[in-house]
Amino acid sequence: MASQKLATLYNELQRAFDARPSDLKKCGTLLAQLKVGLIEAGLLIPQGETNLHDLVVARDILEIGVFWSIRAKDVPSFDRYFSQLHTFYTDFRSSLPPSKREFAVRGLNLIRLLTQNRIADFHTTLESLPLPADEINTNPYIRHPVNLERWLMEGSYSKVWNAREEAPAEEYKFFVDSLMGTIRNEIASCEESAYDSLPLKDAATLLFFPSQSGLLVFAQQRGWQVDLTAGMITFAKKNDEQVEIPTQKLIAANLAYARELEQIV
């Protein structure tokens with residue numbers, strides 16, 4: 001793809017992405033074409049001597065791809081774009097001008113690790129950030145996932161829920177919602193074990209549902225029985241599996257083992 005055409009597509013991508021609301025369909029089409037162009041130009045995985053302006057453009061395209069992926073709710077695409085950005089953020093860090101989106105992207109990746117329950121990777125990634133330790137709590141994009149991880153470890157789920165409104169960028173809310181989905185399922189499992197039933201109002205509060213409609217959808221997914229007239233939820237009980245122990249075979253095996261020991265002695 002000629003450099004002029006690549007530049008034209010890049011300008012179109014910026015306009016589509018910056019539109020309010022973003023034209024997600026057009027962005028997806030343009031990103032696919034631009035990635036082909038970056039491959040042909042040797043810019044997707046740059047090696048050796050490369051024009052710095054071209055590297056900045058390539059980095060910008062991939063960063064837009066990260067945010068587009070979240071807005072399009074395409075998590076595998078987010079993972080790919082972030083992986084492709086790694087070279088620009090590490091190998092070319094000293095030669096490229098700083099990116100205004102870098103720490104927003106890195107913060108999104110940290111929350112992504114939390115949604116996957118990859119706590120060890122979260123801390124390894126956090127320690128490898130090109131930030132002084134005293135700036136981790138002052139950078140809003142990094143402070144947010146750090147707080148989320150701490151509250152998750154403390155079991156302070158209400159703080160995780162409230163953190164959605166404190167997100168430093170709209171894209172962060174997508175992963176916070178994903179975290180809340182995981183938290184809700186954990187709380188629901190505890191409720192099923194601890195209670196036979198609960199009032200709808202209490203269940204909604206415990207599960208952080210601001211409206212009854214969300215709770216009813218969740219209850220249907222969990223197989224709970226809902227009595228709207230009585231305002232109660234009855235939890236589905238899972239039958240304990242009966243495991244048959246082969247008593248006679250175990251006794252016979254132990255006796256045979258004992259006889260062998262006697263012969264050895």
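Owing to the predicted nature of the structure, the values given are computational and were not obtained by experimental measurement.
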Are the side chains of [Y] and [X] in contact, using a 4.5 Å heavy-atom criterion?
X	Y	result
Gln33	Val36	no
Gln225	Met232	no
Glu191	Leu207	yes
Arg15	Asn11	yes
Phe67	Val105	yes
Arg59	Leu62	no
Val160	Phe208	no
Asn185	Phe218	yes

*Could you tell me the separation between the OG1 atom of Thr182 and the CG atom of Asp177, rounded to the nearest 0.5 Å?*
11.0 Å
*To the nearest 0.5 angstrom, please state how far the OG atom of Ser178 sits from the CZ atom of Arg112.*
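One gets 7.5 Å once the value is rounded to the nearest 0.5 Å.
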*Would you say the ring centroid of Phe78 lies under 6.0 angstrom from that of Phe175?*
yes
*List the steps, then state whether side chain to side chain donor-acceptor pair (under 3.5 Å) holds for Asn147 with Arg150.*
CA-CA 5 Å; Asn147 286 338; Arg150 184 175 70 251; 3.1 Å; yes
*Start with the C-alpha gap between Ile111 and His144, add the side-chain angles, then the distance that decides, and say whether side-chain contact (heavy atoms from CB on, under 4.5 Å) holds.*
CA-CA 9 Å; Ile111 301 184; His144 192 263; 3.8 Å; yes
*Passes side-chain contact (heavy atoms from CB on, under 4.5 Å), Phe174 versus Val75? Steps please.*
CA-CA 10 Å; Phe174 172 79; Val75 177; 3.6 Å; yes
*Over all heavy atoms of both residues, which pair between Leu148 and Ala163 is shortest? Give the atoms and the distance, please.*
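Smallest interatomic distance, heavy atoms only, reads CD2-CB, 3.7 Å.
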*asked:* So which atom in Ala58 and which in Leu38 form the shortest heavy-atom distance, rounded to 0.1 Å?
replied: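 Closest approach of Ala58 to Leu38: CB-CD2, 3.9 Å.
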*Taking the six-membered ring for Trp, are Tyr141 and Tyr172 parallel (under 30°), tilted (30 to 60°) or perpendicular (over 60°)?*
tilted
